[in-house]
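Below is one structure; the comments refer to it alone.
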Amino acid sequence: MAFNLLVLACLAYVIFLFLVAFWVEDRAATGRTGWLRSPLVYTLSLSVYCTAWTFYGAVGYAARSGLEFLTIYLGPTLVFVGWWWILRKLVRIGRKHRITSIADLISSRYGKSNLLGVIVTLICVVAATPYIALQLQSVTLSFGAFVATGPADGPLPDSQATGVWVAGGLALFTILFGTRNLDANEQHPGVVTAIAVEAVVKLVALLAVGIFVVWGLAGGPLDVIERVNSSTIADWDLMPSRWAGLMFLSAAAVICLPRMFQVLVVENSDERHLATASWAFPLYLFAMSLFVVPIAVIGLERLPAGANPDLFVLTLPLSEGREGLAMLAFLGGFSSATSMVIVAAIALATMVSNHIVMPIVLAVLPKKAVAGDLRRIVLLARRVSIGAVLGMGYAYYALSGGSAALAAIGLISFVGAAQMLPALLGGIFWRGATRSGAALGLSVGFAVWAYTLFLPSFGEGAVIPVHVFTEGPFGLDWMRPRALFGVEGMDPLIHSAFWSLILNAGAFFLVSVLSFPGPVERVQGAAFVNIFDAEGAGPTGWSRGQAEPEALLIMAQRILGDDEALRFFSKSAEKQGKAGFLPDPTPDFIADLERRLSGSVGAATAHAMISQLAGRAAVSVEDLMAVASESAQIMEYSARLEAQQEELSRTARQLREANEKLTQLSVQKDAFLSQISHELRTPMTSIRAFSEIMMEGDMPPEMIARQARIINEEAIRLTRLLDDLLDLSVLENGTVQLNLELANLQGIIDRSLASSSHTRPERIFTIHRDLPSEGLYIRTDPDRLAQVFINLISNSRKYCDSANPELKIVVRHKGGRVTVDFIDNGSGIPKDKQALIFEKFARLTDQTRAGGAGLGLAICREIMANLGGTITYLPGQGGAAFRVTLPLRLEKPALA
Amino acid sequence: MKRPRAPLFLPRRSYRARRMRDAARLLPVAGLFLFFLPMLWAPATTEARDTAPDGIYLFLVWAGLIVIAALMARGLSDPAGDESLGPEDQD
């Protein structure tokens, strides 16, 4: 095929992409994004992971090392399928903090440190350069392959010249669409859509070639399986170290590669798209890898022995005379290469301008940075950076001669990108990660990578002298680039990845643990790690009133553009309740502005620029404490509320109980009054009746004497009742005078038995006692205690209904307390009455009224309370049983 | 001082969402295990030419992961039962 025709096809394709990008930008500008911001476009744009290395290289890789090429896609699959671990957090952080690049993320996390921004930018640029060179190389190789098979109708193109043209064309496209404007979010809908279109092209192309190979050249899937097993590919041996290592590297790369970070995090317009991409992107990779082995096998079979397997995708259709298919394959490869270069160039240019050029501008021309037209400077910096990045890629390509296999270059780049993994993951999952740790880890990892992998990749003797490879630098044997610390026999790639990442992570961890983060770092660390918890922005440290709103507006206009800045300012003013365009420079507003600006120029630069106007932002330890104590206060406040509420409900419960008690007391009092009037009235009635009879006179003297005796008895009963009542009231008020002395319990019981024997003396009681156990000296009021005992024994005598009444008195002494049980063998007290018997005027029956008013047990209870003891009814003893418990030594009146 | 606690038990819907997240976290681990399996049987210097079966096995596992991830993606992107119930690690 003619070279010119090929160039024409490329041009047409590029123009088509231009139109797509232009149309999308146009729609985006008027806000009609619609499906352009769909999960589908997002997923397809992620396909920048599949570069020309995938498109061409995977087949070559499979031809050389069998299924090992799959690791490059299995790693990302695991990362995406496990998006809930890392990607979700990264995207949330990226959107919330308006992250512009991976360098911005790391710099922002570690206290908006520009040093880290510079280190990361350098690593990215160095690691990406060979990769860009690889893309240029693949395009020129594919040009060459195409032209070599066609009729020689002109001179063969110079591959160097082709490289120049491709690099130049790509730079132009990237500059046109990547730096058209400084977006608020650093998003490029036009470019992203163009990338998505390219993703479709390369997928369709590869699938077309694959289908042609499987069903056109081979006899279907089963035949292909047969051929795979009989081809040389089947000889490959799986090396566990490479299998695992490459899977890890590719998983790291899909997160850390600047271009992946750009499409994954920076260009993400909706977090929910990630959920779709979590399966759709692995599906894309799956489709891209499906036909790799068949193509490689058939290519090895059909093409001459010396053919470059990296170009099978192209040369196989060509050799079969399918020029159309070959053209599609060519465009697919071209798409792969261009999409990668464009996105990588944009990502790298953003980093270079934000972290290297802008800080220099700010340092050299502080006045101009604030007052001058900063947008132009930023855009210029980006454009120059894009040119420089592509220039470096081309230079690498030209210098290295483009001889190495594609896969090798790609993997070198992967290991370089993976150096950012410890700082990145540590930054978003571990609050203890510090700037010094990240800086040292990154530097160490970068240095080890460069020494063991990157520089040796130029060839022995090219950069590192040959003798270093064999003997080590300065004769230090353990420093040999391919055998660090004397570890030999490892695969060079795995060797480098292993040592660089181990040393990187080790330094990162160790220094982080040993160093102490600055205040801004701690704020940012907390904000990043706890991105899902806190909605607050944390302390900003901007002091109030130092910045002139007008100066801020001018500066914002320089970066965001006039309209955008005015809109932002008026919205902020509105939020503060002010009319017009100038909000008060409150710390909140300035922090908002900083976030907004950082979306355009990166966190570190935005921070530095605002510092020039608003004075140094000083997040002091006091600020941190303030925030901490603020939330602590809130927590304390709510805890206090909770405690108060608990207390209130407790009080309410107590009040309710007290109320119930009062009601009961009132009822009791009424009952008491009616009882007492009844008790007083009965003897009074008989006294009155008999005295009236006596007043009549005219009666025999013996009758008078009898009636006078009744009157006397009733009067005595009244007196006793009144005595009891008086006694009870004294006891209840606690005003009783106790005569404490040491007394023998046995004596008290003896006395009580003797005194109570007058009650129903006609009954013969058998008394069971255990005299030794009664030999206790107790300190109490013996008279009062005897009163209780007498009452109990009398009750027993009165109410025990057994034919052969018995009374058992059991004394126990345990732990400073003495219990005396009085147990008779009567029928006892029914269960439902047991609660009542200690109440006043409680009488169970009227059967044996022996002058008691029903106050006896109530008085006993009060006496025992005064003596520091209790009296209770003991159920289940085979009769009425009362237990008196009292202290062995009553020290003082229990109720003072 | 007593911290206001997150609820100890969740309604059925949030409970499902959380278990779904657990599954989403476990999926890559399971995938890693299955992808590493060939290391156990392939390095043995068997004479059997097992490249094609190995490849088919890997593609099958891969497809399985994609299907499971696709089935779970809908439930996971559902904003209901969100993190408002506290940090997601304390289930």
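It should be emphasised that the depicted structure is a prediction, and the values quoted were computed from it without experimental measurement. Chain naming here is simple, since letters A, B, ... match the order of the sequence lines and numbering starts at 1 in each.
Sparse packing is recorded around OH of B/Y15, with 12 or fewer heavy atoms of other residues, nucleotides or ligands lying under 6.0 Å away. Remark: A/W85 CH2 is loosely packed, at most 12 non-hydrogen atoms of other residues, nucleotides or ligands lying under 6.0 Å away.
For B/I56, the part lying near chain A is the side chain, with the backbone staying farther off; criterion is any non-hydrogen pair under 4.5 Å. Neither the backbone nor the side chain of B/A30 comes within contact range of chain A; no heavy atoms are under 4.5 Å apart. A/F281 does not touch chain B: none of its heavy atoms, backbone or side chain, sits under 4.5 Å away. If you measure heavy-atom distances from A/M239 to chain B, you find no contacts under 4.5 Å at all. Contacts of A/L74 with chain B are made by both backbone and side-chain atoms, with heavy-atom separations under 4.5 Å.
Counting heavy atoms from C-beta outward, B/L27 and A/W84 have side chains that stay 4.5 Å or more apart. When side chains are defined from C-beta on, B/P53 counts as touching A/N229, because their heavy atoms get closer than 4.5 Å.
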* Tell me, with the steps shown, if B/I68 and A/W279 meet side chain to side chain contact (heavy atoms under 4.5 Å, CB included). => CA-CA 8 Å; B/I68 295 172; A/W279 59 269; over 6 Å; no
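Using the six-membered ring where Trp is involved, B/F59 and A/F286 have ring planes that are perpendicular, over 60° apart on the 30 and 60° scheme.
For A/G82 against B/P28, the heavy-atom pair with the smallest separation is CA-CG, 3.4 Å. Closest approach of A/L67 and B/G55 over heavy atoms only: CD1-N, 3.4 Å.
Each of B/I66, B/V67, B/L65 was compared with A/L283 under the side-chain contact (heavy atoms from CB on, under 4.5 Å) criterion, and only B/I66 meets it.
Heavy-atom pairs under 4.5 Å with chain B were tallied for A/T71, A/T77, A/I225; the largest tally goes to A/T77. Counting heavy-atom pairs closer than 4.5 Å to chain A, the top residue among B/G31, B/A70, B/A24 is B/A70.
Atoms CE and CE, from A/M247 and B/M39 in turn, are 7.5 Å apart once rounded to the nearest 0.5 Å.
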Let me have the donor-acceptor pairs involving side chains of residues 288-301 of chain A, under 3.5 Å, with sequence neighbours excluded, atom names and distances please.
unit_1: A/S289; atom_1: OG; unit_2: A/L285; atom_2: O; d: 2.5
unit_1: A/E301; atom_1: OE1; unit_2: A/R227; atom_2: NH1; d: 2.8

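Applying the ring-ring contact (aromatic ring centres under 6.0 Å, His included) criterion to A/W243, with sequence neighbours excluded, gives no partner residue.
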